[in-house]
Amino acid sequence: MTTTEAGSEASVPSARGGSGGEAPEVEVVGSLSPSRASDFMTCPLLYRFRVIDRLPERPSAAAARGTLVHAVLERLYDLPREGRTAEAAAGLLDPEWERLLAAEPELAGLFEAGEEGDAERAVWLEQARRMVERYFTLEDPRRLEPAERELFVETVLDSGLKLRGYIDRVDVAPSGDVRIVDYKTGTAPRADFEARALFQMKFYALVLWRRQGRVPRLLQLMYLGNGEVLRYEPDEADLRATQRKVEALWEAIRRAMDTGEWRPRAGRLCDWCDHRERCPEFGGTPPPLPEAPVRRPSPADLEPAGGARPSARERDDL
């Protein structure tokens with residue numbers, strides 16, 4: 001038994017798997033990240049196209065900009081405290097963009113060759129610059145020393161479901177209290193959409209709770225699109241409810257795997273979906289399902305492997 005932050009006693013779920021932890025005590029039956037959980041909640045057919053079919057998607061300027069801004073804010077904390085200024089951060093944009101292009105050459109196709117493409121890229125970079133500068137209106141990085149940046153975390157639930165993902169930043173106070181920070185390059189959601197935005201953060205908090213035995217004190221979403229900050233203090237009840245939700249999502253995914261029924265769900269994001277032409281909601285026909293590997297009881301092996309940094313498309317960013 002352990003004493004919770006609220007002062008009551010409650011059992012903390014055991015940590016299984018994960019880097020640096022003991023070998024899993026249960027068979028891993030599947031793997032889920034916040035990105036893929038969000039895909040399934042948005043549209044089961046989208047999940048199928050991305051995870052089962054592995055269909056290619058065009059690079060997105062918005063997602064690439066988010067990746068660039070994240071990279072700059074990560075590198076910012078490599079600088080000495082006194083050097084963490086808005087000017088220094090802005091100076092990281094061009095070299096980080098070149099680094100991203102080297103890692104993901106397909107991003108070069110975001111902008112056409114010639115003067116018009118150069119002008120579009122200049123506008124795009126200026127938007128990224130404003131987001132980086134807006135970050136400095138929300139907190140002073142010279143007063144911070146993050147415990148972790150771009151932290152890969154994973155744990156295996158007693159059901160055998162492995163949860164994994166990347167946390168933008170983890171801050172640890174002298175008291176041991178943990179704050180999970182996530183940068184968003186979009187704008188803050190309306191109040192009725194806050195629960196969906198917080199799902200990702202509760203997902204991460206659940207993994208850290210299982211790994212460390214302590215509920216993170218604060219979840220903080222920083223919206224660099226409009227300079228708002230969403231803060232939430234979770235408790236054990238929140239995280240247990242999150243675990244029930246992700247396990248229910250996994251059961252729904254397993255049913256779709258067993259039946260082959262990946263139902264489309266039309267919504268406001270359909271206008272930007274790369275798979276619209278093959279979606280039944282718009283008169284399209286999905287490709288035949290790929291043959292399953294001989295020894296694969298679930299799509300456990302279809303999630304990106306641990307340690308592979310998220311691409312511009314895979315980020316839980318927008």
Side-chain angles (χ1 to χ4, degrees), residues 19 33-35 50 54 56-136 138-139 141-142 144-154 164-171 180-186 200 204 222-225 274 303-318:
S19 55
S33 68
S35 294
R50 285 181 167 172
R54 296 291 185 96
E57 295 182 350
R58 294 166 297 180
S60 159
R65 184 174 55 232
T67 301
L68 174 60
V69 171
H70 277 76
V72 167
L73 295 181
E74 180 187 4
R75 296 292 185 273
L76 176 67
Y77 283 95
D78 288 336
L79 300 176
R81 282 178 181 266
E82 63 276 9
R84 298 171 191 165
T85 64
E87 294 76 15
L92 293 171
L93 280 165
D94 287 334
E96 285 303 310
W97 173 233
E98 292 301 320
R99 188 183 63 82
L100 286 175
L101 281 176
E104 300 182 50
E106 64 273 16
L107 294 179
L110 288 172
F111 308 104
E112 299 290 339
E115 292 184 4
E116 185 175 344
D118 290 343
E120 289 179 357
R121 182 170 58 251
V123 170
W124 180 84
L125 280 170
E126 179 58 28
Q127 291 169 337
R129 188 183 308 276
R130 287 201 298 268
M131 290 176 183
V132 169
E133 291 174 347
R134 190 171 289 124
Y135 165 72
F136 287 82
L138 303 178
E139 64 182 5
R142 294 171 297 184
L144 298 168
E145 203 60 63
E148 302 285 352
R149 290 168 284 150
E150 285 290 327
L151 175 66
F152 176 74
V153 293
E154 65 178 19
R164 55 171 28 146
Y166 277 90
I167 302 176
D168 288 345
R169 200 179 88 205
V170 177
D171 300 332
I180 299 175
V181 178
D182 196 74
Y183 308 120
K184 298 293 185 187
T185 50
Q200 172 195 351
Y204 293 144
M222 306 183 75
Y223 287 93
L224 307 179
D274 277 354
E303 285 271 353
R309 295 169 74 85
S311 69
R313 181 180 67 78
E314 292 168 340
R315 274 201 169 277
D316 297 289
D317 175 54
L318 302 178

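Residues that satisfy the salt bridge (charged side-chain N to carboxylate O under 4.0 Å, His left out) test with Arg134, not counting sequence neighbours, are absent from this structure. Checked against side chain to side chain contact (heavy atoms under 4.5 Å, CB included), Leu101 has the following partners two or more places apart in sequence or in another chain: Trp97, Glu98, Leu107, Ala108.
In terms of heavy atoms, Pro141 sits closest to Phe136 at CG-CE2, 3.5 Å. In terms of heavy-atom proximity, Ala88 sits nearest to Gly83 at CB-O, 3.2 Å.
The environment of Glu116 atom CD is sparse: at most 12 non-hydrogen atoms of other residues, nucleotides or ligands sit within 6.0 angstrom. Sparse packing is recorded around CZ of Arg142, with 12 or fewer heavy atoms of other residues, nucleotides or ligands lying under 6.0 Å away.
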Pair up each side-chain donor or acceptor in residues 121-133 with any protein partner under 3.5 Å, not counting sequence neighbours, and list the distances.
| residue | atom | partner | partner atom | Å |
| --- | --- | --- | --- | --- |
| Arg121 | NH2 | Asp118 | OD1 | 2.7 |
| Trp124 | NE1 | Ala61 | O | 2.9 |
| Gln127 | OE1 | Arg65 | NH1 | 2.7 |

For this session: For Tyr135 and Leu76, run side-chain contact (heavy atoms from CB on, under 4.5 Å): C-alpha distance rounded to whole Å, both residues' side-chain angles, the deciding distance at 0.1 Å, then the answer.
Result: CA-CA 11 Å; Tyr135 165 72; Leu76 176 67; 4.0 Å; yes

For this session: Take Asp168 and Asp182, measure what side-chain contact (heavy atoms from CB on, under 4.5 Å) needs, and give me the verdict at the end.
Result: CA-CA 5 Å; Asp168 288 345; Asp182 196 74; 2.9 Å; yes

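In this structure, CZ on Arg169 lies 9.0 Å from CG on Leu73, to the nearest 0.5 angstrom. Ile167 CD1 to Tyr204 OH: the interatomic distance, rounded to the nearest 0.5 Å, is 7.0 Å. Considering CG of Leu138 and OH of Tyr223, their distance stands at 12.5 Å, rounded to 0.5 Å. We find the CZ-OH distance between Arg84 and Tyr77 to be 6.5 Å, quoted to the nearest 0.5 Å. The CZ atom of Phe152 lies 12.0 Å from the CD atom of Glu150; values are rounded to the nearest 0.5 Å. Summarising the geometry, atom OG1 belonging to Thr185 is positioned 10.0 Å from atom CG belonging to Leu68; distances are rounded to the nearest 0.5 Å.
Between the side chain of His70 and the main chain of Tyr183, a donor-acceptor pair closer than 3.5 Å is present. A donor-acceptor contact shorter than 3.5 Å is absent between the side chain of Arg164 and the backbone of Ser33.
A salt bridge is absent between Arg99 and Glu74: the closest approach of a Lys/Arg side-chain nitrogen to an acidic carboxylate oxygen does not fall below 4.0 angstrom.
Counting only heavy atoms from C-beta outward, the side chains of Asp78 and Arg149 approach each other to under 4.5 Å.
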